[in-house]
Amino acid sequence: MLVYPSGVDVSSSALRFLTQELRRHRRTIGSRWRRLSAGRQALLTLAHLRVGHTYAQLAAGFGVGTTTAYRYVTEAVELLAALAPSLADAVRAASAKAFVILDGTLLSIDRVAADRPFYSGKHKKHGMNVQVIADPFGRLLWASPALPGAVHDVRAAREHGIVDALAKADIKCWADKGYRGAGGMVRTPCWGRWETLSAGQKAVNRSHAKIRALVEQAIATLKAWRLLRKLRCSTTRITELVQAVLTLHLTSSE
């Protein structure tokens, strides 16, 4: 395999943060000599998450075995996922905002037609449903654990406890028609075909759409980590990957 210099478009603060956490973790478990330093392990992990390099590519670039690359990435991802904010943390942060925006996104996975629980009828492909909460400026506040793609957005929001948490904190939430019937503080557009809506309802829906469109920035922020654009790992690992990315984003944006 050919090896060449490359770059990773991640802030140095994310690299420093992960390096410090890995050093602390190594001291805690009493780890001795490693093939890579904590800094190089952090860089290897960022390359995997941000660029989506395979373990074989990472192994060739960093001069380690494929198994070692997998083990280093798994260790760092588990460490980052454990530091991810909970829904309660996100609600506390959102309480200082005028409102939040809620939407779901589908993370594509490599599954065959037989895996119906992972097939999204809305997107016409297999994937995992992740709920995203953004602030009024479209900045990512929280991303949920991943559920099979067949799960509808409003059901996912209820299963994660998002609707109840926002209602209890009295936080207004804007969402699309996929959350119709959610209740609580969730505001959805007026229901019905465009030609059957009144002039007032059309004006409300246009205003609602302008506000809700900002959540696309948060989703784009999540998928800027290219590994999440097409996942080829076990579905049981996807939640950890999402939480790891969330931790890195929030850390580097502080």
Side-chain angles (χ1 to χ4, degrees), residues 84-108 120-125 127-224 228 238-239 242-243 245-246 249-250 253-254:
S86 64
L87 176 59
D89 296 329
V91 169
R92 279 194 294 271
S95 62
K97 312 293 182 181
F99 60 88
V100 296
I101 313 170
L102 173 64
D103 200 2
T105 186
L106 190 79
L107 303 182
S108 298
S120 169
K122 176 182 176 181
H123 296 90
K124 308 301 182 185
K125 60 182 178 180
M128 298 293 284
N129 181 305
V130 173
Q131 298 295 297
V132 173
I133 297 178
D135 71 5
F137 298 97
R139 292 177 298 215
L140 179 64
L141 293 178
W142 185 73
S144 75
L147 292 175
V151 176
H152 197 271
D153 281 340
V154 68
R155 177 185 161 192
R158 285 171 175 157
E159 286 194 19
H160 294 309
I162 299 171
V163 176
D164 291 339
L166 293 176
K168 186 178 294 185
D170 197 30
I171 300 173
K172 293 179 181 179
C173 173
W174 264 248
D176 63 21
K177 292 181 180 180
Y179 296 88
R180 181 169 175 258
M185 301 298 291
V186 179
R187 302 289 183 265
T188 57
C190 298
W191 186 259
R193 297 178 63 86
W194 183 257
E195 58 270 17
T196 64
L197 298 177
S198 67
Q201 289 174 323
K202 290 179 180 178
V204 168
N205 280 8
R206 280 193 291 265
S207 176
H208 189 284
K210 288 179 181 179
I211 296 172
R212 187 175 50 79
L214 293 171
V215 75
E216 296 300 330
Q217 296 180 24
I219 293 174
T221 296
L222 197 64
K223 292 187 177 181
L228 300 183
I238 294 176
T239 291
V242 172
Q243 299 301 304
V245 166
L246 177 64
H249 168 71
L250 294 178
S253 61
E254 288 179 353

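Since we're looking at a predicted model, the values are computed, not measured. Along the sequence shown, residues carry numbers from 1.
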4.5 Å side-chain heavy-atom contact, [X] and [Y]:
| X | Y | result |
| --- | --- | --- |
| Val242 | Leu107 | yes |
| Leu214 | Trp174 | no |
| Met128 | Thr239 | no |
| Ile133 | Leu87 | yes |
| Ser120 | Asn129 | no |

(request) Could you check Lys97 against Ile171 for side chain to side chain contact (heavy atoms under 4.5 Å, CB included), going step by step and ending with a plain yes or no? (result) CA-CA 8 Å; Lys97 312 293 182 181; Ile171 300 173; over 6 Å; no
From [X] atom [atom1] to [Y] atom [atom2], the distance as rounded to the nearest 0.5 Å:
| X | Y | atom1 | atom2 | result |
| --- | --- | --- | --- | --- |
| Ile238 | Leu228 | CD1 | CG | 9.0 Å |
| Trp191 | Gln201 | CH2 | CD | 13.0 Å |
| Leu106 | Lys223 | CG | NZ | 6.5 Å |
| His152 | Glu159 | NE2 | CD | 13.0 Å |
| Leu102 | Thr188 | CG | OG1 | 11.5 Å |

For [X] and [Y], indicate whether the former's side chain and the latter's backbone hold a donor-acceptor pair under 3.5 Å.
| X | Y | answer |
| --- | --- | --- |
| Lys124 | Gly121 | yes |
| Glu216 | Ala213 | no |
| Thr221 | Gln217 | yes |
| His208 | Cys190 | no |

Over all atoms of both residues, closest heavy-atom pair of [X] and [Y]:
| X | Y | value |
| --- | --- | --- |
| Ala94 | Val100 | CB-CG1, 3.5 Å |
| Leu147 | His160 | CD1-NE2, 3.6 Å |
| Pro145 | Gln243 | N-NE2, 4.0 Å |
| Gly183 | Val163 | O-CG1, 3.9 Å |
| Ser86 | Trp142 | C-NE1, 3.6 Å |
| Leu141 | Leu250 | O-CD1, 4.0 Å |

(request) Would you mind listing every salt bridge (Lys or Arg N to Asp or Glu O under 4.0 Å) that reaches into residues 202-211, with sequence neighbours excluded? (result) none
(request) Not counting sequence neighbours, which residues clear side chain to side chain contact (heavy atoms under 4.5 Å, CB included) with Asp164? List them please. (result) none
(message) Against Gln131, only a single residue in Asp103, Thr105, Asp153 fulfils side chain to side chain donor-acceptor pair (under 3.5 Å); can you say which?
(response) Asp153
